[in-house]
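These notes concern the structure reproduced below.
Being a predicted model, the structure only gives us computed values, none of them experimental.
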Amino acid sequence: MSFVPLDVLMCCAMMMKGSVGQGTITTFQESAYSSQFQVVWQPNNVWISNQGQVLELVVTQQSGTALQSLNSYLFGSFRVDLKLVPNDSAGVLTSFYLSSNGDHHDEVDFEFLGNSTGQPYVLQTNIFAAGVGGREQRINLWFDPRDDFHTYSVIWNPIAITLYIDNVLIRVFQNHEAQGQAYPNAQGMNVYSSVFDASSWATQGGLVPIDFSQAPFVSSYTNYGMDSCIFDATNPTACSYPQAGTWWNAQEYQSIPANRIDQLQWVQADYMIYNYCTDNVRYPTPPFECTAPLY
């Protein structure tokens, strides 16, 4: 889980020094994303490059950093183009995720587990509903995510949550409230990006800690997209299904098409290295969604 603890989330000054990067050095306020996000942890570790189009999130020996969207959302499409820490990134966790607040929070995670040079980069996904998580899946990526930007996206509607890499379906979590399972459909979630030292667990279960002689560790984020319903706590039904013009409610994002099933099965067969559904030690009886057919 990549949720930044509330005790470290704080309102920070939005002005900061830019980094040596591509294009003009700018401040976060001048970047393309200041109208969507705020820096909630260590503003000096957010560098700006490519004339404000790229955010470089940095881990140093002193700190990591995190961004939080100014709005929270209930249903929609969320995406970012991300290029991960080059070279030896063991112990570094890079994340893009959605989360609400509180003990019964909802959450949808992309967590990239840093690696020793030459080792496969592992992506962990996880989903929380009403405070219950423990739904980790891990895959080896089929490309080197350090070489170029790749698109990571979530489509969330009242029927299903689907996760994609470069428009390839990698995970589905469907609504089984009728069978007594919680589903994220009532709490607005903010969008977060964070990088930090997760040496205790991120790389080979914590066996390979971060090597700060390689610092700073930089992950680059660009092209954020949030085509979504802004959540208003005073009018929580405003985002309720159905809504005219909300393409994320289309049938192809509810009942999974055959070509998408093929993509999902390809990822599971060739790249999945851990699936909570098959972890008989943790779950002697598999959670309901693990045995329920996709619809």
Please examine the side chains of Y192 and S99, heavy atoms only from C-beta on, and report whether any two atoms are closer than 4.5 Å. yes
CG of N115 to CZ of R146, rounded to nearest 0.5 Å, is 5.5 Å
Does R79 pair with D81 as a salt bridge, N-O distance under 4.0 Å?
-> yes
- request: Could you check whether the rings of Y224 and F37 sit parallel, tilted or perpendicular, using 30° and 60° as the cut-offs?
  value: tilted
| query | Is any side-chain heavy atom of F217 closer than 4.5 Å to a side-chain heavy atom of V195? | reply | no
| Under 3.5 Å, is there a donor-acceptor pair linking the side chains of T65 and Q42? | no
query = Got a donor-acceptor contact below 3.5 angstrom from the N45 side chain to the V59 backbone?
reply = no
| task | Could you check if a side-chain atom of F128 sits within less than 4.5 angstrom of a side-chain atom of D109, using non-hydrogen atoms only? | result | yes
So CD1 of I139 and CD of Q137: to nearest 0.5 Å the spacing works out to 8.5 Å
| message | side-chain contact (heavy atoms from CB on, under 4.5 Å), that's the test. Do L55 and W47 meet it? Break it down for me. | response | CA-CA 6 Å; L55 303 180; W47 299 349; over 6 Å; no
Heavy atoms of G188 and S72 approach each other most closely as C-CB, 3.9 Å
Rounded to the nearest 0.5 Å, the CD1 atom of I161 sits from the CG atom of L98 at a distance of 8.5 Å
Under 3.5 Å side-chain donor-acceptor pair for N167 and R260: yes
Angle class for the W142/Y271 ring planes (parallel below 30°, perpendicular above 60°, tilted otherwise)? tilted
Decide whether F110 and V168 are clustered together by the hydrophobic rule: side chain heavy atoms of Ile, Leu, Val, Met, Phe, Trp, Tyr closer than 4.5 Å, transitively.
yes
Is there a donor-acceptor contact under 3.5 Å from the side chain of N275 to the main chain of T278? no
(request) Take L294 and I261 through the test side-chain contact (heavy atoms from CB on, under 4.5 Å) and record every step on the way to the result. (result) CA-CA 9 Å; L294 294 177; I261 294 294; 3.5 Å; yes
Look at the side chain of D106 and the backbone N and O of A130, then say whether any donor-acceptor pair between them is shorter than 3.5 Å. yes
Between Y221 and V46, is any pair of side-chain heavy atoms under 4.5 Å apart? no
Taken to the nearest 0.5 Å, the spacing of S77 OG from D227 CG works out to 6.0 Å
For Q181 and F173 the tightest heavy-atom approach is OE1-CZ, 3.8 Å
Between D88 and A90, is there a donor-acceptor pair closer than 3.5 Å when you use the side chain of the first and the backbone of the second? yes
Practice problem: Answer whether the closest heavy-atom distance between the side chains of C277 and P286 falls below 4.5 Å. | Solution: no
task: May I ask you to decide if Q53's main-chain N or O and Y33's side chain share a donor-acceptor pair within less than 3.5 Å?
output: yes
Query raised in the report: Do I170 and W266 share a hydrophobic cluster, counting only Ile, Leu, Val, Met, Phe, Trp and Tyr and linking them when any side-chain heavy atoms are less than 4.5 Å apart?
Result: yes
Notebook entry, point to check: When clusters are formed by joining ILVMFWY residues with side-chain heavy atoms under 4.5 Å apart, either directly or through shared neighbours, do F288 and V132 land in the same one?
Noted result: no
Heavy atoms of Q263 and L169 approach each other most closely as OE1-N, 2.9 Å
Tracing side-chain contacts under 4.5 Å among Ile, Leu, Val, Met, Phe, Trp and Tyr outward from V54 reaches F149
Residues I256, Q174; criterion side-chain contact (heavy atoms from CB on, under 4.5 Å); working and verdict:
CA-CA 10 Å; I256 310 303; Q174 293 182 314; 4.0 Å; yes
For a side-chain hydrogen bond (donor to acceptor under 3.5 Å, both in side chains) check, start with the C-alpha distance between T162 and Y164, then their side-chain angles and the critical distance, and finish with the verdict. CA-CA 7 Å; T162 49; Y164 304 83; 3.0 Å; yes
Item to complete: Measure up the W41 and F196 rings against each other and bin them: parallel (under 30°), tilted (30 to 60°), perpendicular (over 60°).
Response: tilted
Would you mind reporting whether S69 and Q36 have side-chain heavy atoms less than 4.5 Å apart?
no
Lys/Arg N to Asp/Glu carboxylate O, R135 vs E107, below 4.0 Å: no
Test item: V80 and T222 side chains (from C-beta on) under 4.5 Å apart, heavy atoms: no
- Query: Do S49 and E56 have side-chain atoms, one donor and one acceptor, less than 3.5 Å apart?
  - Reply: yes
On a heavy-atom basis, the closest approach of Q254 and A160 is O-CB, 4.4 Å
Exercise. So, do H176 and E289 sit near enough that their side-chain heavy atoms are less than 4.5 Å apart?
Worked result: yes
**Study point:** side-chain contact (heavy atoms from CB on, under 4.5 Å) between M189 and V108, intermediate numbers included
**Key:** CA-CA 9 Å; M189 292 198 278; V108 181; 4.1 Å; yes
*If the plane angle is over 60° it's perpendicular, under 30° parallel, otherwise tilted; pick one for F78 and W156.*
tilted
The ring pair (Phe, Tyr, Trp, His ring centres under 6.0 Å) partners of Y121 (sequence neighbours excluded) come to none
dist F96:CZ -> L82:CG (nearest 0.5 Å) comes out at 9.0 Å
Shortest non-hydrogen pair, H150 vs D166, comes out as ND1-OD2, 2.7 Å
Separation between CG (N71) and SG (C229), nearest 0.5 Å, reads 10.5 Å
Between V85 and S89, the two heavy atoms sitting closest are CG1-CB, 3.6 Å
Check: Y73 ring centre within less than 6.0 Å of F231 ring centre: no
- Is there a path of hydrophobic side-chain contacts, each under 4.5 Å between heavy atoms of I, L, V, M, F, W or Y residues, that connects F143 with L123? yes
Going by chain and number, the hydrophobic cluster around Y283 (ILVMFWY, side chain to side chain under 4.5 Å) further includes Y274, Y276
The side chain to side chain donor-acceptor pair (under 3.5 Å) partner of T94 among S193, S220, S219 is S219
Please check: side-chain N/O of Q187 versus main-chain N/O of H104, any donor-acceptor pairing under 3.5 Å?
yes
